[in-house]
Amino acid sequence: LPVIPEKEKEDMQFAQKYLENFYDFKEEKSSLFKSKDLNPMSKKIQEMQSFFGLEVTGQLNSQTLNMMKQPRCGIPDVRS
Amino acid sequence: YSTFPLSPKWNKEDVTYRILNYTPDMLQEDVEEAIAKAFQLWSSVTPLRFIRLHSGEADIKISFASGFHGDFYSFDGPGGTLAHAYHPGKDIGGDAHFDEDENWTKFTTYSGFNLFLVAAHELGHSLGLGHSNVFGALMYPIYMGKDTRDFRLHQDDIDGIQSLYGPPRESPTKALPSQEPTEKTPTVAPSEMSPHEEPTETTPTKPPARPEDCDPHLTFDAITTLRGEILFFKDSYVWRKSPYFRDIEHDTISSFWPSLAGGFDAAYEVDKRDQVMFFKDDQYWAVNGYNIQPGFPKPIQSLGFPRNVRKIDAAVHDQSTKKTYFFVGHRYWSFNENTQSMERGYPRKIAADFHGIYHTVDAALQKNGHFYFFHGAKHYEVDVKTKKLIRTMKSNSWFDC
């Protein structure tokens, strides 16, 4: 659906929190080495999309974000 | 299905539970009944028996709490996380916590979350199950409001729990319906939340195939505008016509709104509120973009319909007058969106006010100063101001057939 641009940053932060809670995402805070992956959440988004049967793009598209906003159980879907 | 790492389980058949406190949202007896029925779901497919304790240490301790509540996983206010539970083990192992900031209910049609459904899911964790990625399984992580009468575990749930505990001593490994409370719950169509499964079956049913765009017999259940685009609904399918791209996009309702996947009877947009209202049977939802507004679904009677109106055929909003027209059979109502009330003098006959429209309306749309009323495989262009018929077209003419 058409997007309101200023919400995009909010959505990314929401998605990061979701992936931390349920998909064991850990943001690399200070690293001596530059990450090769410019979108560190991409793999975790893929994992989440695969779990829910969404199209696996690694991108935070509208369907993925909407799935993240559904009321749910607090237990992670994957675990370390 | 999945289990926790190393598949922890209770190494005994008699498992105790205790309800430590109660939510003020429900009567205590209703809480106790929901919990008991949730345990019964699992005991019916395993050798396990669940014994309630009223004091002392129990294996599974059930409590309601909000925000931070003494473990590392604080709750988050209304919505979001509803509850969590720990796998079998000592102390906190097996315990189930429910977010008190949610509105807990024994129903599945009004605002709030059905305690029986959430408890049954959490107790699956208390017994050792992780989440399932099978849509329709109880252990699927997303809340899916379903009719709880004759509720049955999905075969995936049974396979999972029996991988830990085996089948019950005397019964086969097929799903049995739970013995549900005798109270009559408000009406909800069993298929409206999940097109893939009826509550009385353990295997998903096949949804009807998507009709072809240019099928001359194509009909629609509901149509609405949304942020400049037009969405056409038929069963669980969506055709999306947008000024931003050339071709008609094919989607499913669940790709936009997973909890409304079953289909709609009517829909309309109130553009000044950036809201779309969806109707199914005797309920309706308000949606902003992808988000279903809190407090929904609500009964259509809250809009002012009499009790004998059990569903809406079609609805269309007139942006110029801020009136919404609801079509039911050969009559229609006029609803004032500013005052949020039905106008006096309704219902009226459709044919009396919309000249040339002599039949019922399956779906309706307002676009470019015209109403479009769909009936069967045709639709009728009507001038919004004069309410006179301008021309008749095929329903699929919007798809450049």
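Chain A is the first sequence line, chain B the second, and so forth, proteins listed ahead of strands; every chain is numbered from 1. The basis for the numbers below is simple: all heavy atoms, side chains too, and nothing from hydrogens, waters or symmetry mates.
- In this structure, A/Lys17 forms no cation-pi arrangement with A/Phe14, as its terminal cationic atom is not both closer than 6.0 Å to the ring centre and no more than 45° off the ring axis.
- Interface summary for chain A: among B/Leu82, B/Ile292, B/Asp76, the most heavy-atom pairs under 4.5 angstrom belong to B/Leu82.
- A cation-pi contact, defined as under 6.0 Å to the ring centre and within 45° of the axis, is absent between A/Arg72 and B/Tyr140.
- Atom-to-atom distance recorded for B/Tyr290:OH and A/Asn66:CG is 7.0 Å, nearest 0.5 angstrom.
- Neither the backbone nor the side chain of B/Glu102 comes within less than 4.5 Å of any heavy atom of chain A.
- Chosen from B/Gly79, B/Gly80, B/Ser2, the residue pairing most often with chain A at heavy-atom distances under 4.5 Å is B/Gly80.
- The distance from atom CG of B/Asp99 to atom OG1 of B/Thr23, rounded to the nearest 0.5 Å, is 10.0 Å.
- Contact count against chain A (heavy-atom pairs under 4.5 Å) is highest for B/Ser132 among B/Ser242, B/Pro78, B/Ser132.
- Residues passing the ring-ring contact (aromatic ring centres under 6.0 Å, His included) test with B/Tyr86, sequence neighbours excluded: B/His84, B/His97.
- With a 4.5 Å cut-off on non-hydrogen atoms, A/Met68 does not touch chain B at all.
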